[in-house]
Protein chains: 2
Amino acid sequence: MSTAGRGLHGHVLDTLGPAITAGEYPPGSVLRTDELAQRFDVSRSVMREAVRVLESMHLVESRRRVGVTVRPKAEWNVYDPQVIRWRLAGADRPRQLRSLTVLRSAIEPVAAGLAARHATAEQCAELTECALGMVAHSRGHQLHGYLVHDMAFHRVILSASGNEMFARLGDLVAEVLAGRTHHDVMFEDPDPAAVTLHVQVAEAVREGDAERAEQLTREITVGALHELDILAP
Amino acid sequence: MSTAGRGLHGHVLDTLGPAITAGEYPPGSVLRTDELAQRFDVSRSVMREAVRVLESMHLVESRRRVGVTVRPKAEWNVYDPQVIRWRLAGADRPRQLRSLTVLRSAIEPVAAGLAARHATAEQCAELTECALGMVAHSRGHQLHGYLVHDMAFHRVILSASGNEMFARLGDLVAEVLAGRTHHDVMFEDPDPAAVTLHVQVAEAVREGDAERAEQLTREITVGALHELDILAP
DNA sequence: GCGATCAATAAATCCGACTTTTTGCCCCGT
DNA sequence: ACGGGGCAAAAAGTCGGATTTATTGATCGC
């Protein structure tokens with residue numbers, strides 16, 4: 001599901017990363033590698049590797065004679081999948097989920113429009129298959145089956161857009177959908193209107209109707225925004 | 001302007017990162033840390049730190065007994081600012097510039113709409129100041145002055161949206177704008193219509209007219225897409 | 001003849017000692 | 001009393017040897 005704590009330094013990251021992103025160490029805090037190495041019971045080299053990774057994520061800055069200082073939240077690489085996972089697992093999960101949903105609402109309609117232009121026959125087939133799967137699992141508390149097809153649907157759309165930047169958001173959207181299903185509302189069956197919209201998007205993409213695909217997807221994302229009470233009345 | 005090659009491992013990254021993102025080592029290639037350490041004349045520890053950073057960017061995967069293998073392009077963290085800079089400096093700069101411009105076209109209109117709702121008085125002032133600066137430098141080959149205000153304008157919009165994910169795209173958009181000015185067309189003065197649109201966006205945000213701000217910004221990004229011949233007729 | 005198990009090996013991984021640089025503090029001079 | 005220059009400590013940075021592990025291939029058994 002998530003990244004395995006590969007190696008010793010991976011295990012350090014799995015506990016230090018969430019701690020930093022959760023705000024346990026406020027911006028400007030100084031951490032000494034020696035102390036951390038002792039605390040995690042690893043050598044200083046291992047700790048240095050972990051610090052380098054944190055540094056590449058702009059979570060911390062390492063300076064001589066000063067130590068490892070935590071950088072302000074505004075400078076973090078919030079698009080790093082690892083950082084996103086850490087924040088989703090932490091305390092400000094709701095805030096993160098809202099940010100990501102707004103991002104979805106901006107990206108996915110455009111991606112759907114592009115997909116209508118560039119999707120291959122195989123991708124169109126996958127898309128309709130996913131939509132049908134969603135319909136099949138839309139009633140009778142089959143939330144897990146519905147979720148699987150929903151995630152696959154959006155992943156295909158993003159991938160079929162032909163834009164690599166969009167394609168790489170597949171994991172992110174999947175994480176948002178999974179989070180919404182598991183932790184928030186949605187104890188009931190999904191909104192029938194949303195299911196219909198997905199089927200129609202698959203149609204529009206198959207017919208190459210970019211304008212319609214974009215508008216329909218926009219309606220889907222607007223629904224997602226409403227679920228989180230983001231849209232003002 | 002770009003990241004300083006902090007430390008020895010930073011220097012290694014500054015030459016190895018561009019080489020990998022440029023495709024000099026095709027996916028599946030194996031690199032041995034010992035060999036690389038010799039080639040760069042550094043210790044294995046330093047090379048290991050560099051490899052860890054590359055690994056956190058999903059550019060490579062380090063496995064025992066097999067070496068450091070280059071991952072396929074589709075798995076790279078293309079949102080990492082460092083990776084973006086490396087790719088912009090490399091051979092597929094045009095492709096990267098197109099991808100980023102499409103991303104802009106999806107994000108910025110939504111960000112402008114949000115900015116109209118959430119912008120503070122100070123941010124509105126900055127925005128109008130930037131727009132005026134663009135007007136002032138729009139004629140007589142003052143490309144540099146125009147660019148500075150253009151970058152600042154879009155940065156303020158993204159920041160004022162109140163969405164941290166959008167805000168972090170400021171550097172990215174600045175890079176795109178700078179790239180367009182320096183390496184591509186635009187030997188003449190900027191399009192007067194685009195200048196007017198920026199002024200009108202500032203107005204709309206100041207007046208809190210989200211719908212208008214979004215539509216006007218969409219016109220700006222459509223213009224940017226046309227410049228790169230991305231939009232089909 | 002084919003498959004599974006085990007040993008040899010190649011490469012990453014881990015460790016402790018040494019080096020370099022920065023910064024804070026103290027002393028001296030004005 | 002105030003300011004500059006130098007000294008010392010503290011922390012990150014660097015290095016090469018020892019260790020672990022996974023792959024490969026060869027041998028033994030079926």
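Worth saying up front: this structure is predicted, and the values here are computed from it rather than measured. In what follows, chains carry the letters A, B, and so on, assigned in the order in which the sequence lines appear, proteins first and then strands, with residues in each chain numbered from 1.
The CD atom of B:Glu61 sits 11 Å away from the P atom of C:dT13 (whole-angstrom rounding). When the P atom of D:dA12 is taken as reference, atom CE of A:Met47 falls 11 Å away, rounded to whole Å. A:Arg44 places its CZ atom 12 Å from the C1' atom of D:dC15, with the value rounded to the nearest Å. A:Leu8 places its CG atom 11 Å from the C1' atom of C:dC15, with the value rounded to the nearest Å. Remark: C1' of D:dA10 and CD of A:Glu35 are 14 Å apart, rounded to the nearest angstrom. In this entry the distance linking CG of B:Leu36 with P of C:dA11 reads 12 Å, nearest Å. Computed from coordinates, the A:Arg32 CZ to D:dG13 P distance equals 15 Å when rounded to whole Å. With rounding to whole Å, A:Gln38 atom CD is found 12 Å from D:dA11 atom P.
Looking at the side chain of B:Ser62, the nearest of the listed nucleotides C:dT23, C:dA12, D:dA11 is C:dA12. The side chain of B:Val46 lies closest to D:dC15, out of C:dA12, D:dG13, D:dC15.
We find that B:Glu49 and B:Arg52 are not joined by a salt bridge, their nearest charged nitrogen and carboxylate oxygen being 4.0 Å or further apart.
Using a 4.0 Å heavy-atom cutoff across all strands shown, B:Arg64 reaches at least one base atom of the nucleic acid. A:Ser45 comes within 4.0 angstrom of a base, heavy atoms only. Among the atoms of the strands shown, base atoms are found under 4.0 Å from some heavy atom of A:Arg48.
Contact annotation: B:Thr33 side-chain N/O to C:dA11 OP1/OP2 distance is not under 4.0 Å.
No more than 12 heavy-atom neighbours from other residues, nucleotides or ligands sit within 6.0 angstrom of CD on B:Glu129. In the displayed structure, B:Glu75 atom CD is contacted under 6.0 Å by more than 12 heavy atoms of other residues, nucleotides or ligands.
You'll find the side chain of A:Ile20 reaches within 4.5 Å of the side chain of A:Val60, heavy atoms only.
Nearer the 5' end of DNA chain C, as judged by each residue's closest nucleotide, is the contact made by B:Leu31, out of A:Arg65 and B:Leu31.
Side-chain atoms of A:Gln123 come within 3.5 Å of backbone atoms of A:Thr120 as a donor-acceptor pair (strictly under, hydrogens ignored).
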